[in-house]
Amino acid sequence: MTGGPCDVRELHLPPGSELLGYSNGVLSVPSNPVIAIIKGDGIGPEVVESAVRVVDEAVKVAYRGSRRVYWLELIAGRQAYEVCGTPLPEATVEAIRLVRVALKGPLETPVGGGYRSANVALRQVLNLYANIRPVRWYGQPTPYKYPERVDLVVFRENTEDLYAGIEWPFDSIEAEDFRRFLWERYGVRLAADTGVGVKPISRTATQRLVRLALSWAIRRGRRRVTIAHKGTVMKYTEGAFARWAYEVALGEFRDKIVLEEEVESTGGVIPEGRVLVNDRLADNMLQQLILRPWDYDVIVCPNVLGDLVSEVAAALVGGVGMVAGINMGDGVAVAEPAHGTAPKHAGRNTANPTASILAGALLLREVLGWREAADLIEKSVVEAIRRGFVTHDLARYASDVRPLGTREYTMKLVEIVRMMG
């Protein structure tokens, strides 16, 4: 289909808005930027609308009306598939390229068939190579014993690994050809009913992620960066990820970092102004992350492992309803909640919008540089929870709290933003 949201020629920027600029690796941000918005599927429209309300209020309060966000609505996922015949219309991609920043709700991805993930496709086509996911406790109820000691950031490679989507079903011609190639060329025999996939991990993609993570950690005064991998088994993919990560640390940041063995040889004290760089095997680290989360600060992971690590970390603070992420490329960024579409909750006014609200705060802080508004949102979330204003997913962990609906929680948060400003 053509026309409307499927046709890039139909794109019109909101009156009064301006585009972000990008030159020599630096974004220039006007006081009236336009941000693309994709409401998504399932609970997406509800939680994203909440995020827009809170972000608008925080910007208004923090800057006394001197700054404003203009929103440009785009479509992707199930809605786009039904309207445009594809879950990721070219018009949506081109619009994000133009405006450079977007807030996205969760998108439906069929399991085992149907169309491929629009989430993954968006990261690949825009080269959003780093997923940055902060995980911290805002005071919310949680069954975990040490939530107050969780404050970490996961840097996940976002374009390679198994998420590259290079795979074929067992009964396809491609899988048959691949199995035959392995046998005839390398003597590797796979059963005839074997589906196959390829796990690409490159030096280039690894090192640009590690470079970003180390730069971020140093700039933010974080205490350590851990390279997570399963290099004992996947020696030439995840093992290489670890080796290439150390190459960047030692080759480009030697005067800013210290290795774990160097610290151990001097009594375990990290020198002032240095960031400790170490690595951990994935299985061991996932256990330690639950038992001793305070040992972790910034974690750098290949794609699949990064997905698992960030989900485990989110569980420590009450679940993915409280965690947001931002997908970063060079001069373009897309923020999103960590959770999925949760279709059984769609339209029931029960979803927790906090992750989408925090995604909005991430955009303000990491892309626009509007720290005051981002701080105001995060402090307001803390205050709302302190007052017992939480949605159903968190209220179940506190016997004396009455859960609020999505809209009611959002209204309370907007009121607190006004009060705290």
Decide side chain to side chain donor-acceptor pair (under 3.5 Å) for Glu94 and Thr92; before the verdict, give the C-alpha distance in whole Å, the side-chain angles of both, and the deciding distance to 0.1 Å. CA-CA 6 Å; Glu94 290 305 313; Thr92 294; over 6 Å; no
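- For the 3.5 Å distance criterion, the side chains of Asp41 and Thr341 fail to qualify, holding no donor opposite an acceptor.
- In this structure, the side chain of Asp161 does not engage the main chain of Tyr163 through any donor-acceptor pair within 3.5 Å.
- Between Lys230 and Glu238 there is no salt bridge, since none of the side-chain N atoms of the basic residue sits less than 4.0 Å from a carboxylate O of the acidic one.
- When all heavy atoms of Gly21 and Arg100 are compared, the closest pair comes out as C-NE, 4.3 Å.
- Glu260 is not listed as a side-chain neighbour of Val277, based on a closest heavy-atom distance of 4.5 Å or more.
- With salt bridges taken as basic N to acidic carboxylate O contacts below 4.0 Å, one links Arg387 and Glu383.
- In this structure, Tyr144 and Trp137 have side chains that are not in contact, with every pair of non-hydrogen atoms separated by 4.5 Å or more.
- Between His345 and Thr350, the side chains place a donor N or O and an acceptor N or O closer than 3.5 Å (distance only, hydrogens not considered).
- In terms of heavy atoms, Ala118 sits closest to Leu107 at CB-CD1, 3.8 Å.
- A distance of 5.5 Å separates CG of Leu316 from CG of Leu289, quoted to the nearest 0.5 Å.
- Both tests hold for Arg68 against Tyr70: distance to the six-membered ring centre under 6.0 Å, angle to the ring axis within 45°.
- The backbone N or O of Trp294 lies less than 3.5 Å from no partner atom in the side chain of Arg149, so there is not a single donor-acceptor pair.
- Between Arg123 and Glu336 there is a salt bridge, since a side-chain N of the basic residue sits under 4.0 Å from a carboxylate O of the acidic one.
- For the pair Arg67 and Trp370, the cation-pi criterion (under 6.0 Å, within 45° of the ring axis) is fulfilled.
- Residue Lys199 places its NZ atom among more than 12 non-hydrogen atoms of other residues, nucleotides or ligands, all under 6.0 Å distant.
- For the atom pair CE of Met328 and CG of Asn131, the computed distance is 11.0 Å after rounding to the nearest 0.5 Å.
- The two residues Ala314 and Val323 make their nearest non-hydrogen contact at CB-CG2, 3.6 Å.
- Using a 4.0 Å cut-off between charged side-chain N and carboxylate O, Asp151 and Arg222 make a salt bridge.
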Would Arg407 and Glu49 count as a salt bridge (Lys or Arg N to Asp or Glu O under 4.0 Å) if you check the C-alpha gap in whole Å, the side-chain angles of each, and the deciding distance to 0.1 Å? CA-CA 9 Å; Arg407 292 186 294 273; Glu49 286 169 11; over 6 Å; no
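- Side-chain contact, Glu160 with Ser202: a donor N or O sits under 3.5 Å from an acceptor N or O.
- Below 30°, between 30° and 60°, or above 60°: for Phe178 and Phe181 the angle between ring planes is between 30° and 60°, a tilted geometry.
- Checked for salt-bridge contact, Arg136 and Glu148 miss the test: no charged N lies under 4.0 Å from a carboxylate O.
- Salt-bridge check for Arg254 with Glu262: passed, with a basic side-chain N closer than 4.0 Å to an acidic carboxylate O.
- Side-chain atoms of Asn158 and Gln124 form no donor-acceptor pair, as typed in the model, at a separation below 3.5 Å.
- What you find for Leu363 and Ala102 is that their closest heavy atoms are CD1-O, 3.5 Å.
- In this structure, Arg223 does not pair ionically with Glu272, as no charged nitrogen and carboxylate oxygen lie closer than 4.0 Å.
- Thr391 places a side-chain heavy atom less than 4.5 Å from the side chain of Tyr409.
- Separation of atoms NE2 (His229) and CH2 (Trp244) is listed at 13.5 Å; rounding is to 0.5 Å.
- With 3.5 Å as the limit, one finds a donor-acceptor pair spanning the side chains of Tyr129 and Asp330.
- Interatomic distance, Asn327 CG to Asn119 CG, rounded to the nearest 0.5 Å: 8.5 Å.
- For the pair Ile377 and Ile357, the minimum side-chain heavy-atom distance is below 4.5 Å.
- Of all heavy-atom pairs spanning Tyr397 and Gly318, the tightest one is CE1-O, 4.4 Å.
- Closest approach of Pro5 to Cys84, counting heavy atoms only: C-SG, 4.3 Å.
- Leu214 contributes atom CG, which lies 11.0 Å from atom CD of Gln207 (distance to the nearest 0.5 angstrom).
- Relative to the ring axis of Tyr236, Arg243 does not place its NZ or CZ within 45° and under 6.0 Å from the centre.
- Considering only heavy atoms from C-beta on, Leu152 comes within 4.5 Å of Val154 through its side chain.
- Under the 4.0 Å criterion applied to side-chain N and carboxylate O atoms, Glu46 and Lys39 are not assigned as salt-bridge partners.
- A salt bridge does not link Asp297 with Arg224: none of the charged nitrogens is closer than 4.0 Å to a carboxylate oxygen.
- Within the model, atoms CG of Leu72 and CG of Leu103 stand 12.5 Å from one another, a figure rounded to the nearest 0.5 Å.
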Let me see the working for Trp216 and Phe155 under ring-ring contact (aromatic ring centres under 6.0 Å, His included), right down to the final yes or no. CA-CA 10 Å; Trp216 188 94; Phe155 276 73; 5.6 Å; yes
